[in-house]
Amino acid sequence: MTGEIKSLDGDKPVAPAGDGGGGVPAGGGGAAGHGKKGAKNKLSLVPLIFLIFFEVAGGPYGAEPAVQSAGPLFALLGFLIFPFIWAIPESLVTAELSTAMPGNGGFVVWADRAFGPVSGSLMGTWKYVSGAINGAAFPALCADYLARVVPAVAAGGARVATIVTFNVALSVLNYTGLSVVGWSAVALGVASLSPFVLMSGIALPKIRPHRWAATAGEKDWKLFFNTLFWNLNYWDSVSTMAGEVENPGKTFPTALMSSVAMTSLGYLLPLMAATGAVDAPPEQWGNGFFADAAGTIAGDWLKYWIEVGAVLSSIGLYSATLSSAAFQLLGMADLGLLPRVFALRAPIFNTPWVSIVVTSLITLGMSFFSFNNIVAAANFLYSLGMLLEFATFVWLRIKRPEMSRPYRVPLRLPGIVVLCLVPSGFLVFVMAIAGWKVYAISAIFTAAGLGVYYLMKFCKARGFLKFGTVDGEGLMYERHQERGNVNV
């Protein structure tokens, strides 16, 4: 449910800052070299809404375990209440910081500006590992759905070929630019959501409201809360592509709030329709039950349409996750946290092709493994990153009140502390219920992240690798001034 950041004006190349690596690599690296060629690939409002939608959800697929673990009543309450205590706060934080620092890299840049490069590098490690593991699930999930229609895809060479084809095809799509990826997300979003709109309409005369009050006999609260968390997180992933957005000061807040509304209703309405119209006990609500419910409500034609929609949703989810992760690496290269090769852009499409290839290979390798504990660790690392992100938001409000914020969360300091404390409390709860294996794996990844930071620092000092950094903060302020943005 998975960054890019661009720290300068995408329409004006920036001159190198000297021989000390303070400029932009020749050949169109990260923040510079964008020029007019990249302007046509800028993200506009509607594609950005659907990219955020696929970073987070991709439709109600995967919400079924909330009913299975606690029953219809708690599932409906969860998807009604959770957006207010998690999705909206995270979206507001993302909107303010993305418009204040509209560059590729997103949360990495925020942490770097607030607490220094070690924090930025750790944030990058936590979020990248989490996003890569999350993305690796989608090629395998696509193969699983296709196996329902073509059984040969279930195992062996056919399954391997399906996963590889899925990965390569979407990597090529990402190479062609975010504008293409964004409008593809619009088409995929409409196709994957439309069967649920039909199901909800057809279910109306069959709904019996008393069914909504049912609860599971034995409740699995760990599964319940993990399901809510998994289906409604990653709102900040789109921040890594902030440098590729048209007029980010206005576009980002509108896109985030629109996507929150669309995603929340996209879960709630199908759940209300299916739980109200189908008389099925909670234990039947495993993954994929929406298709069975649609078959009961309208017939096999809608059941198969939802199964096809699940494949399309997996395509959209993987494509959005790959874009976010690739642009995160570009942003880290712009900051000098990674070698500047990760900031190289393709000559025609202006996309970070090295970062796309590296991320694609990592997710492809992970797609063939079963890694339940690692997935749980990915959630843990994501939670660590979010705690750092909320701390960054509050710290920058305190220490940098003069920072230009084209969008500003309309709360004073006590209000934003409360805004961040509520979801932070939930994060601590999710982390507390993790097992010792998750703690161990997370500690290893965190240590590896610190190791990478000091290794890159050593290589930079000895000149073993080429690094190119951009004065992102200065360029962001210049960008605001040129476009006439003011604090609001």
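The first residue of the sequence shown is numbered 1, and numbering continues consecutively from there. Hydrogens, waters and symmetry mates are skipped; everything else that's a heavy atom, side chains included, is used. All values reported here derive from a predicted model rather than from experimental measurement.
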- line: For Pro352 and Leu330 the tightest heavy-atom approach is CB-CD1, 3.3 Å
- prompt: Can you name the closest pair of heavy atoms from Gly286 and Gln68 and give their distance?
  reply: CA-NE2, 3.9 Å
query: Distance from Phe50 atom CZ to Ser184 atom OG, nearest 0.5 Å?
result: 12.5 Å
query: Hey, mind stepping through Met332 and Met123 against side-chain contact (heavy atoms from CB on, under 4.5 Å) and telling me if it holds?
result: CA-CA 10 Å; Met332 294 179 73; Met123 175 74 87; over 6 Å; no
message: Is the shortest side-chain heavy-atom distance between Ser69 and Phe74 below 4.5 Å?
response: no
message: Checking Ser360 now: which residues fulfil side-chain hydrogen bond (donor to acceptor under 3.5 Å, both in side chains) with it, not counting sequence neighbours?
response: Asn167, Ser171
message: Main chain of Glu246, side chain of Thr251: is a donor-acceptor contact present, judged purely on distance under 3.5 Å?
response: yes
query: With a 6.0 Å cut-off on ring centres, are Tyr407 and Phe252 close enough?
result: no
- request: Please answer whether the main-chain N or O of Leu122 pairs with a side-chain N or O of Tyr453 as donor and acceptor at a distance below 3.5 Å.
  value: no
- request: Calculate, to the nearest 0.5 Å, the distance between atoms CE and CD1 belonging to Met262 and Ile49 respectively.
  value: 7.0 Å
field: Check: Tyr61/Ser192 side-chain N/O donor and acceptor closer than 3.5 Å
entry: no
query: Do Val67 and Leu271 have side-chain heavy atoms sitting under 4.5 Å apart?
result: yes
task: Taking all heavy atoms of Ala114 and all of Thr392, pick out the closest pair and write down the distance.
output: CB-CG2, 3.7 Å
- request: Look only at the side chain of Ser319 and the backbone of Ile315, and say whether a donor-acceptor pair between them is shorter than 3.5 Å.
  value: no
- prompt: Quick one: salt bridge (charged side-chain N to carboxylate O under 4.0 Å, His left out) pairs with a partner in residues 376-393, sequence neighbours left out?
  reply: Lys127-Glu389
field: Under 3.5 Å donor-acceptor, Trp395 side chain and Phe115 backbone
entry: no
message: Could you work out, with side-chain hydrogen bond (donor to acceptor under 3.5 Å, both in side chains) as the rule, every residue matching Thr227, not counting sequence neighbours?
response: none
task: Please report the C-alpha distance between Val93 and Val409 in whole Å, then the side-chain angles of each, then the deciding distance to 0.1 Å, and finally whether the side-chain contact (heavy atoms from CB on, under 4.5 Å) criterion is met.
output: CA-CA 7 Å; Val93 169; Val409 177; 5.9 Å; no
query: Does the side chain of Pro270 come within less than 4.5 Å of Met199's, by heavy atoms?
result: yes
- prompt: Do Val46 and Trp183 have side-chain heavy atoms sitting under 4.5 Å apart?
  reply: yes
message: Taking NZ in Lys219 as the centre, count heavy atoms belonging to other residues, nucleotides or ligands within less than 6.0 Å. Is the count above 12?
response: yes
statement: Rounding to 0.5 Å, atoms CZ (Phe393) and CG (Leu419) come to a distance of 6.5 Å
- request: Write down the atom of Ser383, the atom of Leu427, and the distance for their closest heavy-atom approach.
  value: OG-CD2, 3.7 Å
- prompt: Roughly how far, to the nearest 0.5 Å, is the CG atom of Leu97 from the CH2 atom of Trp110?
  reply: 5.0 Å
message: Using every non-hydrogen atom in the two residues, find where Leu388 and Ala111 come nearest and quote the distance to one decimal.
response: CD2-CB, 4.2 Å
- request: Specify the closest pair of heavy atoms between Phe54 and Ser313, including all atoms of both residues, with the distance to one decimal.
  value: CE2-O, 3.8 Å
message: Please enumerate all residues that pass ring pair (Phe, Tyr, Trp, His ring centres under 6.0 Å) together with Phe290, with sequence neighbours excluded.
response: Phe196, Trp285
- prompt: Would a line drawn from the ring center of Tyr382 to the ring center of Trp230 be shorter than 6.0 Å?
  reply: no
field: Donor-acceptor under 3.5 Å (Lys42 side chain, Gly243 main chain)
entry: yes
statement: So salt bridge (charged side-chain N to carboxylate O under 4.0 Å, His left out) across residues 70-92, not counting sequence neighbours, yields none
- request: Sorted by first residue and then second, give each side chain to side chain donor-acceptor pair (under 3.5 Å) pair with at least one member in residues 115-126; sequence neighbours left out.
  value: Trp126-Thr446
message: Could you go through Phe138 and Leu170, starting from their C-alpha distance and side-chain angles, then the distance that decides it, and tell me whether this counts as side-chain contact (heavy atoms from CB on, under 4.5 Å)?
response: CA-CA 11 Å; Phe138 300 128; Leu170 293 183; over 6 Å; no
message: Below 30° counts as parallel, above 60° as perpendicular, anything between as tilted: where do the rings of Phe229 and Phe426 land?
response: tilted
task: Run the ring-centre check on Phe224 versus Trp221 and record whether the distance is less than 6.0 Å.
output: yes
- request: State, with a plain yes or no, whether a side-chain heavy atom of Ser237 is found less than 4.5 Å away from one of Thr321.
  value: no
Check: Ala95 main-chain N/O paired with Ser98 side-chain donor or acceptor under 3.5 Å: no
query: Quick one: does Tyr128's side chain get under 4.5 Å of Ile362's, heavy atoms only?
result: yes
- request: Look at atom OH of Tyr439 and say whether more than 12 heavy atoms of other residues, nucleotides or ligands are closer to it than 6.0 Å.
  value: yes
- prompt: Does Ser442 reach the main-chain N or O of Leu381 with its side chain, forming a donor-acceptor pair under 3.5 Å?
  reply: no
query: Within the side chain of Thr99, is there an N or O that forms a donor-acceptor pair under 3.5 Å with the backbone of Glu96?
result: yes
message: Can you confirm whether Arg345 sits close enough to Asn350 that some side-chain heavy atom of one is under 4.5 Å from a side-chain heavy atom of the other?
response: yes
message: Could you measure the distance from the OG1 atom of Thr351 to the CG atom of Asn174? Nearest 0.5 Å is fine.
response: 8.5 Å
message: Under a 3.5 Å cutoff, is there a donor and acceptor pairing between the side chains of Tyr267 and Asn231?
response: yes
query: Where the side chain of Glu244 meets the backbone of Ala242, is there a donor-acceptor pair that is under 3.5 Å apart?
result: no
message: Counting C-beta onward and ignoring hydrogens, is there a side-chain heavy-atom pair between Leu178 and Ser323 closer than 4.5 Å?
response: yes
- request: Please round to the nearest 0.5 Å and tell me the distance separating atom CE of Met431 and atom CG of Asn379.
  value: 11.0 Å
message: Applying side-chain contact (heavy atoms from CB on, under 4.5 Å) to Tyr454 and Val118, what does each step give before you reach the verdict?
response: CA-CA 9 Å; Tyr454 286 106; Val118 175; 4.2 Å; yes
